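See below for the structure under consideration.
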Amino acid sequence: MKLSLPEIRVEPFNIITSIKNIKKMHAYQLEQTKTLEELKENSNPAKQFVSDYEIKYLEQSEKFIREILSLNEEDIDKLESLERDKFMLIQSKIILTLQGYSSEAIEKIFSESNQESKK
């Protein structure tokens with residue numbers, strides 16, 4: 001399935017919705033959930049713990065995006081220079097693609113979401 005991510009590359013990425021990639025997506029989501037649970041279990045989290053959590057969360061997200069999109073060094077540099085909201089948007093679009101949403105449906109979801117946030 002083609003996914004356009006002009007923030008990283010002009011030509012669209014081909015995301016293969018193979019069982020292997022779907023397993024990677026679920027493993028990634030499970031790992032993110034475990035990381036969040038670690039934070040919740042600490043009733044009075046220290047700033048250091050929160051920072052460690054944020055770093056781990058972003059590193060896991062970056063690794064997932066790199067693997068699914070098979071990014072080269074130039075693409076990785078572009079990914080790492082994105083603002084957090086664009087970075088997380090890319091991660092969300094990849095997950096929706098692996099869940100079987102078409103690129104048109106994904107664009108509709110995010111354009112509607114963007115319109116709602118402007119209200």
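Keep in mind that what you see is a predicted model, and the values were worked out from it rather than measured.
In this structure, OG in Ser102 is found 9.5 Å from CD in Glu107, a value given to the nearest 0.5 Å. The structure places CD of Glu80 at 10.5 Å from CG of Leu58, a figure rounded to the nearest 0.5 Å. Summarising the geometry, atom CD belonging to Glu7 is positioned 5.5 Å from atom NZ belonging to Lys86; distances are rounded to the nearest 0.5 Å. Atom OG1 of residue Thr35 and atom CD of residue Glu37 lie 10.0 Å apart, to the nearest 0.5 angstrom. Here Glu59 contributes atom CD and Glu31 contributes atom CD; the two are 12.0 Å apart, rounded to the nearest 0.5 Å. Interatomic distance, Tyr101 OH to Ile106 CD1, rounded to the nearest 0.5 Å: 9.0 Å.
For the pair Asp75/Leu79, no side-chain contact is recorded, criterion being any heavy-atom separation below 4.5 Å from C-beta on. The closest side-chain heavy-atom distance from Lys20 to Lys23 is not below 4.5 Å. The shortest distance between side-chain heavy atoms of Ser92 and Phe110 falls below 4.5 Å. Residues Tyr28 and Ile68 have side chains not in contact (no heavy-atom distance under 4.5 Å, counting atoms from C-beta outward). Two residues are said to be in side-chain contact when any heavy atoms from C-beta on lie closer than 4.5 Å; Phe64 and Ile95 meet this criterion. Here the side chains of Leu5 and Arg9 are not in contact, with every heavy-atom distance at 4.5 Å or above. Residues Phe87 and Ile65 meet the side-chain proximity criterion, which asks for heavy atoms closer than 4.5 Å.
In summary, the side chains of Gln32 and Ser61 do present a donor paired with an acceptor at a separation below 3.5 Å, with no hydrogens or angles considered.
Placement of Leu3 and Ile76 within a single hydrophobic cluster is found when ILVMFWY residues are connected by side-chain heavy-atom separations under 4.5 Å, directly or transitively. Taken together through direct or relayed side-chain contacts under 4.5 Å among Ile, Leu, Val, Met, Phe, Trp and Tyr, Leu71 and Leu82 form part of one hydrophobic cluster. Tracing side-chain contacts under 4.5 Å through hydrophobic residues (I, L, V, M, F, W, Y), one reaches Tyr57 starting from Met25; they form part of the same cluster. When the side chains of ILVMFWY residues are joined at heavy-atom separations under 4.5 Å, either directly or via intervening members, Met1 and Ile94 end up in two distinct hydrophobic clusters. Placement of Met88 and Ile8 within a single hydrophobic cluster is found when ILVMFWY residues are connected by side-chain heavy-atom separations under 4.5 Å, directly or transitively.
By the 6.0 Å contact criterion, CD on Glu11 is enclosed, its count of non-hydrogen atoms from other residues, nucleotides or ligands being greater than 12. Other residues, nucleotides and ligands contribute only 12 or fewer heavy atoms inside 6.0 Å of the CD atom of Glu83.
Between Glu54 and Arg84 there is a salt bridge, with a side-chain nitrogen of the basic residue lying less than 4.0 Å from a carboxylate oxygen of the acidic one. A salt bridge between Glu62 and Arg66 is present, with a side-chain N of the basic residue lying under 4.0 Å from a carboxylate O of the acidic one. With salt bridges taken as basic N to acidic carboxylate O contacts below 4.0 Å, one links Lys78 and Glu74.
Heavy atoms only, all atoms of each residue included: Asn21 and Ile16 are closest at ND2-O, 2.8 Å.
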Could you please spell out the steps behind the salt bridge (charged side-chain N to carboxylate O under 4.0 Å, His left out) verdict for Glu67 and Lys63? CA-CA 6 Å; Glu67 286 180 7; Lys63 180 182 178 209; 3.8 Å; yes

